[in-house]
Amino acid sequence: MIYEGITSIVHSEFYIKSGNGPSIQRNIFENVDYDDYEKQLIEEIKTKMKENGQQIKLKRSILLKMLMAAQYNIEKAIINCQSHLNFLQEYSKQDYVNELRKGYLYVCGFDNQFRPVIVIRQYCDIKIIAYFLETVKRQLLIDYYVENWTVILDLDIDLPILELDDLLYLQLHFYGNLNKILIVNGPDDIDDIVKQFTDKIKDLQVKIKIITEYQQILQYIPKEQLEIKYGGDLNNIELFWPILKRETHTGTNKLLKKNSHLSINSMGSSINKKPSFMKITVLEENGNPLLNQQVEVFEDQIESQQGEQQQQQNNFQQQQQQQEDFEEKSKSYQSSTTKKQDQQFIQIDDDEDDLIEMESGNMEKRQGKKQITKKYGEATKTTTYSQKQTILEGEKEMPSSLSCCSRSCSIF
C-alpha cells in the first residue's frame, strides 16, 4: 500500500534537477522529462551499443545514471551498463540473511521527506552492503516520489575501513540514491578522514554532514522516527532483518500527516515561518552548492509576493472603507431625500386645495352669469366672456382683462 500522503508529493524543479550540461545534479530520474543534453547522450549510448552489437536492456533512467557516473564518457558508460546488469542478475542469487540479522546496518524510520533512514554502525563486506541497499531500493523507494535515502553512519563501535574502490562501486550501482550521510560519534580527527574521500569524490562534499550534537539530526529526521539512542522518541531497533514495509513502521502515519514534500508553491509559507531551516533543507536535499543563489532568488520572490499581498490587503481595506463611507453617505442622502419628499407632498396638498378653491370660484361666477342673463333678458344674451387666460406667477393666479361686445355694458 502506498500512502496518499506520499503520492501527493510534487517535487520542485530545482530539487528534481539543477545545473546544465555536464554540471547537472539530479535527484529524481523516474517519470520526469530529461533536457536536450541528457536525451542526446542517451541516444548516443544506445546507438554506440547497437554498433558494437551489444544488447543491454536497461531503462532510460539507468542509462542516464550510468552516463553520469562515467561523467558522460560514452565508452566508460557502456562498461558501467554491463557491470550494473551483471550486478542485478547476481542479486537474486545472493543470500546474506544471517549477516543482516546481526544489525551491522538496518532501516530505522523515515526522514522529513519520507526517505528511508539507513543506520550503519559496523563495517561489513561491500557485497553485503550492496545487497542490503538494493533490497531497500526495491522495497522502500517509490519512482518519482521517493528515490533517495538518508544514512546515519555511527562510528561509536567501529571505524569503517572503506577503500576508494568500494565507494566507487556503491556510487555506480546506486547513483543518485544518496541524499545525505550524517556521521555521528566520530573521532576528533573525523574531518581529516572525511576529507580524504571528498577530495577524490567531489559529489560527497555536499552529501556528508558531521553531527556534533544529536539535536542536529532533528533537522533531517523527525523525533518520532529517530531512535532514543540518537535523541529521538522511537524505541531502539532490535529486529534488524527483514526490512519492514512502510505500513508497519512505527509513527509512519503520523509522519505522513505531519509532513509533505516541498513544492515551489508550498514553500512560500514554510519559508516565512522558518526561513533559516528551510534554506538548509533545500540546500541539503539537492546537495548542490549552486542552490544558494536559487534560494536567494526564491526568497526575493517570496518577499515580492508578500509585498503584493500587503498591497492587495491595503487596497481591500481602502475599498472597504470607501464602501462604508458610501453606505454612510447613502443613509444620510436617503434621510434628507425622505424629508424633501415629505415637504413636496405637503406642497402638493396645498396646491390641490388652491385648485379646488379656484374651481369653486369659477362655478360661482358661471352661476352668477346665468342669473344675470335670466334677469336682464335679451340685453345680456349678447354679452360673452373671452376665453380666460391664466398666468401663473409663483402660487398666484392672474386673470386677463375681460371684454364684451358693448363697451358701454353696465355689467362691468
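Atom set for the values below is all heavy atoms of this structure, side chains included, hydrogens, waters and symmetry mates excluded.
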(message) Counting C-beta onward and ignoring hydrogens, is there a side-chain heavy-atom pair between Trp149 and Val136 closer than 4.5 Å?
(response) yes

(message) Let's go through Glu44 and Lys48 carefully: what are the C-alpha distance in whole Å and the side-chain angles of both, what is the deciding distance for salt bridge (Lys or Arg N to Asp or Glu O under 4.0 Å) to 0.1 Å, and is it a yes or a no?
(response) CA-CA 6 Å; Glu44 286 182 10; Lys48 190 66 175 178; over 6 Å; no

(request) Please report the shortest heavy-atom distance between Arg121 and Gly103, naming the atom on each side. (result) NE-O, 3.0 Å

(message) On a heavy-atom basis, which atom in Lys180 and which in Lys207 lie closest, and how many Å separate them?
(response) CD-O, 2.7 Å

(request) Determine, stepwise, if the pair Arg26 / Glu38 fulfils side chain to side chain contact (heavy atoms under 4.5 Å, CB included). (result) CA-CA 11 Å; Arg26 181 177 284 277; Glu38 294 170 320; 2.8 Å; yes

(message) Quiz question: by atom type and distance under 3.5 Å, do the side chains of Asn236 and Tyr230 form a donor-acceptor pair?
(response) no

(request) Step by step, work out the side chain to side chain contact (heavy atoms under 4.5 Å, CB included) result for Leu133 and Ile118. (result) CA-CA 9 Å; Leu133 293 178; Ile118 298 171; 3.6 Å; yes

(request) Take the angle between the ring planes of Phe132 and Trp241 and call it parallel below 30°, perpendicular above 60°, tilted in between. (result) tilted

(message) Ignoring hydrogens, what is the shortest heavy-atom contact between Val119 and Cys108? Give both atom names and the distance.
(response) CG2-CB, 4.1 Å

(request) Any chance you could lay out the side chain to side chain contact (heavy atoms under 4.5 Å, CB included) test for Ile152 and Leu226, step after step, and finish with the verdict? (result) CA-CA 10 Å; Ile152 295 178; Leu226 187 64; 3.9 Å; yes

(message) How close do His11 and Ile16 get, counting heavy atoms only, and between which atoms?
(response) CB-CG1, 3.6 Å

(request) Would you check if Lys200 and Leu167 make a side-chain contact, meaning some heavy-atom pair closer than 4.5 Å? (result) no

(request) Evaluate the side-chain proximity of Gln71 to Lys76: yes if any heavy-atom separation is below 4.5 Å, no if none is. (result) no

(message) As a test of understanding, state which of Asp111, Thr150, Leu141 forms a side chain to side chain contact (heavy atoms under 4.5 Å, CB included) with Pro116.
(response) Leu141

(request) Using salt bridge (charged side-chain N to carboxylate O under 4.0 Å, His left out) as the criterion, list what pairs up with Asp199, not counting sequence neighbours. (result) Lys195

(request) Search all heavy atoms of Asn80 against all heavy atoms of Met66 and return the closest pair with its distance. (result) ND2-O, 3.3 Å

(request) Could you tell me which non-hydrogen atom of Ile56 sits nearest to which non-hydrogen atom of Gln82, and how far apart they are? (result) CD1-OE1, 3.6 Å

(request) Any pair with a residue in residues 25-49 that passes ring pair (Phe, Tyr, Trp, His ring centres under 6.0 Å), sequence neighbours left out, goes on the list, sorted by first then second residue, please. (result) Tyr37-Tyr72

(request) Verify, without hydrogens or angle tests, whether Lys17 (side chain) and Gly19 (backbone) share a donor-acceptor contact under 3.5 angstrom. (result) yes

Less than 3.5 Å apart, which donor and acceptor atoms pair up between the side chains of residues 88-100 and the rest of the protein, not counting sequence neighbours?
unit_1: Tyr91; atom_1: OH; unit_2: Thr135; atom_2: OG1; d: 2.8
unit_1: Ser92; atom_1: OG; unit_2: Gln89; atom_2: O; d: 3.4
unit_1: Asp95; atom_1: OD1; unit_2: Val97; atom_2: N; d: 3.3

